[in-house]
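Notes for the one structure printed next.
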Amino acid sequence: MILPDTEIATLSLEDTSMKTADSVSFSPEIEWQKITLGVIFLLGLILFCPDRSPAQLDPTFGTGGVATSAEAGPPVGSFVLSDGKILVATKTSFVRFNADGTLDSSYGPNGAVQLAIPYIGQTHTITAAARQTDGKIVLVGFDNGDGLVMRFNENGTLDTSFAGGGIHRPNLAIGFNDQLQAVLIQPDGKIVAAGYASSVTGAYSSTLIRYNPNGTLDPGFGGDGFMLYPAASYQFFPMKLLRQSDGKLILMGKDNYDGPTGFARRINADGSIDSTYPLINFTNEAFYSATLQPDDKLVVAGRIAKTTSWGRGHKDVLVSRYTTAGALDAAFGTGGQTSFDVTSFLDDAPNAVAVRPDGQILVSTTTFIPSNRSSRHGVTLGLARLSADGTTVTGKFLETNSGGFYWSLLTVLGDGKILTTHYNTYASESILLTRAVDVPVESYRFKATPFDFVYGPDDSKAKAEPTIFRPSDRKWYPNQVFPGYFFGLADDIPVPADYLGNYYSQLAMFRPSNGTWYIARSYFNAASNYVSVPWGMTGDVPAPADFDGDSRTDIAVFRPSNGVWYIRNSADDSYRFVQWGINGDKPAPGDFDGDGAADVAVWRPSDGVWYILKSSNGQPSFIHFGSTGDIPVQEDYDGDGKTDIAVWRPSTGVWYILKSSDGNFIYLQWGLASDVPVPADYDGDLKTDFAVWRPSTARWYIYYSADNSNAQFPWGLVGDVPVEGKN
């Protein structure tokens, strides 16, 4: 695509006389020195601090709003007691927290009571819990092929008044497997449990069982206390049981525990199928959790697959609402559904859903954030809030990322605060609680570590890999473990970055001969699995960066002949042209103002001035830093998430950095005049390391910021091109 010389934004780049680094003398030895340049910040760069929402997590609860227990099983129920204490029922124990999130030392050893569960076999499992108005807890599950229903006192002892000993084992499929997966307490004290029973043929039937308050089967339900619904009507395992205000039950399930499809069916109070309510089939993972509104409308949380224009897939949270007649509610969202992205272009999943008294809908979420250039990665919990009509996401923020979380529960407290209960598999299999004050709207932009090609020798954390492109065989060599990857032509310009949003750098080339970008979808078959995008023309300088703040790198070129930037936004495939610079300028984009989006910027060798157009407010900033002959090496050297103004001086091999974190000026002598600067985060400490590649010997020289150590090693051949290289 030959981009026209259209100008959308034209701003004058005025010179400002400011202090340069020319007058500083240096020792030939490697050393650090700091000089405070407050005057630079007073006259030039104004650091941008984005507006922050009020504190999300309740600081009076636990530690910063998060509380944890000692080792415990996965939670199956979480209940707030009359005195504000929180009782969590797990698969193996009861755990009690004080109202402030500390463990209740008066409750068993270290706040936990192990449940003494009598069983026949060795495979008993607890799957769900419900709390009666008198404080007693009903647990359901299965044991040695039979269903399991038990009632416990709050102190963890069996309630022997239930079923003549505290426990009942319904055996609905004699000689075959029964399981109970859900339970609820009716207003009259009767107990309803849902599960399934298998037959001799291997077919499954859903089942409902209703008990009187004393644990005897209720003959008013199905004639003998239970109902079996054959596979013709129910093809999946029940997972959720809800009760309408008129006493009818909503039974929901999936084709297996992790299946992509599910169902919902309404049952009359006597156990018969309600023929006025259709069998709802959920597809595309649209059912993970559900709840009923006070008006008996069904709210279902799931997720839906999305695909970007370049074929990069991810999954968003999907919320659906159904009328009391079982149809999608046209008054909610778009056609009864709404979807939203919790974290930009990553796989999000709902854990639980609840309705606030004001009608707004809360969804607790889980997102796996791959290693990236931030401290937040791994399995991360979040909260989202929708308007009552589902048209607006009124709140969204991430709670914590301290572990792997499963079996999550969500409770709206009487004072409006939000309690979530989780199973933390990364921390001794403990219970983790969070209590949020509110759900403000926050945007999260996670960035891949530049030049992290995924197949490095150590993928435990995100870090760059010394990488070269060999024009002679047209292969990329990202590390010393894997063979080269064939991609590109000898005269292409390497432009690797995270264009697809998978938090790793893709092999990518800009071909000056035809103005086309080539981006590989994979490494092993890159030559046959790639995206080609015409964007630019001969003479353009590629300048990719994340200009739209969607966590993906945007294709962009700077045209020296007219000083125009041509940017293709990855968020929506739109484009914009910005006149910013003159012939002879070097494009130097970066997130200088810290708003998560790259700023259009150039460095002018003729006067040593940086001209930055800040994306946060559209205002220009001019900084005199450097001199003729320097090479701009702008990166985040201090780890504050902002790009630092920086140059490397070939004549002396000295790096000059203006730190955005504190306004201090630092320098380091590292390299020779013939070297190529290749700054990147090679040690994974979220700070850019000083590094050069020596063309005459094909050796790398890296000064690690994590511990001020250094390394040198051969990687490449004479004639290779380091893909991290600046010029």
Side-chain angles (χ1 to χ4, degrees), residues 312 314 342-348 366-380 398 400-404 426 444-468 476-482 485 494-508 519-523 544-546 549-554 570 590-591 594 596-598 633-644 661 678-691 700 702-707 709 711 715 722-724:
R312 168 67 178 165
H314 67 283
V342 179
T343 50
S344 51
F345 300 97
L346 290 174
D347 286 347
D348 304 315
T366 303
T367 303
F368 177 75
I369 300 174
S371 295
N372 62 86
R373 198 164 178 76
S374 78
S375 60
R376 186 185 292 276
H377 54 83
V379 181
T380 304
L398 300 182
T400 182
N401 65 328
S402 60
Y426 289 179
Y444 297 94
R445 300 183 177 103
F446 303 109
K447 309 294 183 182
T449 298
F451 312 109
D452 179 5
F453 290 95
V454 83
Y455 294 112
D458 179 10
D459 289 328
S460 61
K461 55 184 176 180
K463 59 183 182 181
E465 288 130 16
T467 304
I468 56 96
W476 296 63
Y477 296 88
N479 56 65
Q480 302 181 42
V481 177
F482 286 85
Y485 303 111
V495 285
D498 182 18
Y499 299 94
L500 301 182
N502 62 4
Y503 289 82
Y504 295 108
S505 290
Q506 286 85 55
L507 309 183
I519 301 168
R521 288 196 179 100
S522 70
Y523 299 146
D546 181 14
D550 70 343
S551 299
R552 295 178 294 171
T553 300
D554 304 315
S570 58
D591 185 10
V633 288
Q634 74 283 356
E635 296 289 346
D636 181 11
Y637 294 90
D638 53 12
D640 68 344
K642 301 176 184 178
T643 302
D644 302 313
S661 58
V678 287
D681 180 13
Y682 296 101
D683 55 15
D685 68 344
L686 307 183
K687 299 178 182 179
T688 299
D689 305 312
F690 301 101
W700 294 73
I702 302 176
Y703 191 94
Y704 296 112
S705 58
D707 56 8
S709 65
W715 182 238
V723 302
E724 294 94 336

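Just so it is clear, the model here is predicted, and its values are computed rather than measured.
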Exercise. Which atoms form the tightest heavy-atom contact between Ala497 and Thr553, and what is the distance?
Worked result: CB-OG1, 3.4 Å
Exercise. For the side chain of Tyr499 and the backbone of Ala508, is there at least one donor-acceptor N/O pair under 3.5 Å apart?
Worked result: no
For this session: Could I get the full list of side chain to side chain contact (heavy atoms under 4.5 Å, CB included) partners for Ser551, not counting sequence neighbours?
Result: Ser344, Arg445, Tyr503
For this session: Would you name the heavy atoms of Gly596 and Asp591 that are closest together and state the gap between them?
Result: N-OD2, 3.0 Å
Exercise. Closest heavy-atom contact between Pro466 and Glu724?
Worked result: CA-OE2, 3.6 Å
For this session: Among Asp452, Thr449, Thr688, find the one that has a side-chain hydrogen bond (donor to acceptor under 3.5 Å, both in side chains) with Arg373.
Result: Thr688
Problem set entry | Contacts of Tyr637 that satisfy ring pair (Phe, Tyr, Trp, His ring centres under 6.0 Å) - sequence neighbours left out | Phe690
Exercise. Should Tyr523 and Pro478 count as side-chain neighbours, where that means a heavy-atom distance under 4.5 Å?
Worked result: no
Seminar exercise, completed: Taken in chain and number order and not counting sequence neighbours, the residues that satisfy salt bridge (charged side-chain N to carboxylate O under 4.0 Å, His left out) with Asp554 are none
Exercise. Hey, is the main chain of Lys463 close enough, under 3.5 Å, to the side chain of Asp681 for a donor-acceptor pair?
Worked result: no
For this session: Might you work through the side chain to side chain contact (heavy atoms under 4.5 Å, CB included) test for Leu398 and Val342, ending with a clear yes or no?
Result: CA-CA 8 Å; Leu398 300 182; Val342 179; 4.0 Å; yes
For this session: State the OG-CZ distance between Ser570 and Phe345, to the nearest 0.5 angstrom.
Result: 6.5 Å
Seminar exercise, completed: Taken in chain and number order and not counting sequence neighbours, the residues that satisfy ring pair (Phe, Tyr, Trp, His ring centres under 6.0 Å) with Phe451 are none
Seminar exercise, completed: Rounded to the nearest 0.5 angstrom, the OG1-CG distance for Thr367 and Leu346 is 7.0 Å
Exercise. Looking at residues at least two apart in the chain, or sitting in another chain, which of them share a salt bridge (charged side-chain N to carboxylate O under 4.0 Å, His left out) with Lys447?
Worked result: Asp546
Problem set entry | Side-chain heavy atoms of Phe453 within contact of Leu507, under 4.5 Å | yes
Exercise. What do the steps show when you test Phe446 against Asp498 for side chain to side chain contact (heavy atoms under 4.5 Å, CB included), and what is the final call?
Worked result: CA-CA 11 Å; Phe446 303 109; Asp498 182 18; over 6 Å; no
Exercise. Of all residues at least two apart in sequence or in a different chain, which pass the side chain to side chain donor-acceptor pair (under 3.5 Å) check with Asp689?
Worked result: Ser705
Exercise. Are any non-hydrogen side-chain atoms of Asp644 and Gln634 less than 4.5 angstrom apart?
Worked result: no
Exercise. Who passes side chain to side chain donor-acceptor pair (under 3.5 Å) against Thr343, sequence neighbours left out?
Worked result: Asp348
Problem set entry | Polar contact flag, side-chain donor to acceptor under 3.5 angstrom, Asp638-Ser661 | yes
Exercise. Considering only heavy atoms from C-beta outward, does the side chain of Asp347 approach that of His314 to under 4.5 Å?
Worked result: yes
Exercise. Are the side chain of Trp700 and the backbone of Trp715 linked by a donor-acceptor contact shorter than 3.5 Å?
Worked result: yes
Exercise. Minimum heavy-atom separation for Ser505 to Pro450, with atom names?
Worked result: OG-C, 3.9 Å
Exercise. Which atoms form the tightest heavy-atom contact between Leu500 and Arg521, and what is the distance?
Worked result: CD1-CA, 4.0 Å
Seminar exercise, completed: Applying salt bridge (charged side-chain N to carboxylate O under 4.0 Å, His left out) to Asp550 and not counting sequence neighbours gives Arg552
For this session: Write down the atom of Lys642, the atom of Gly594, and the distance for their closest heavy-atom approach.
Result: CG-CA, 3.6 Å
Problem set entry | Check: Thr467 side chain, Glu465 main-chain N or O, donor-acceptor pair, under 3.5 Å | yes
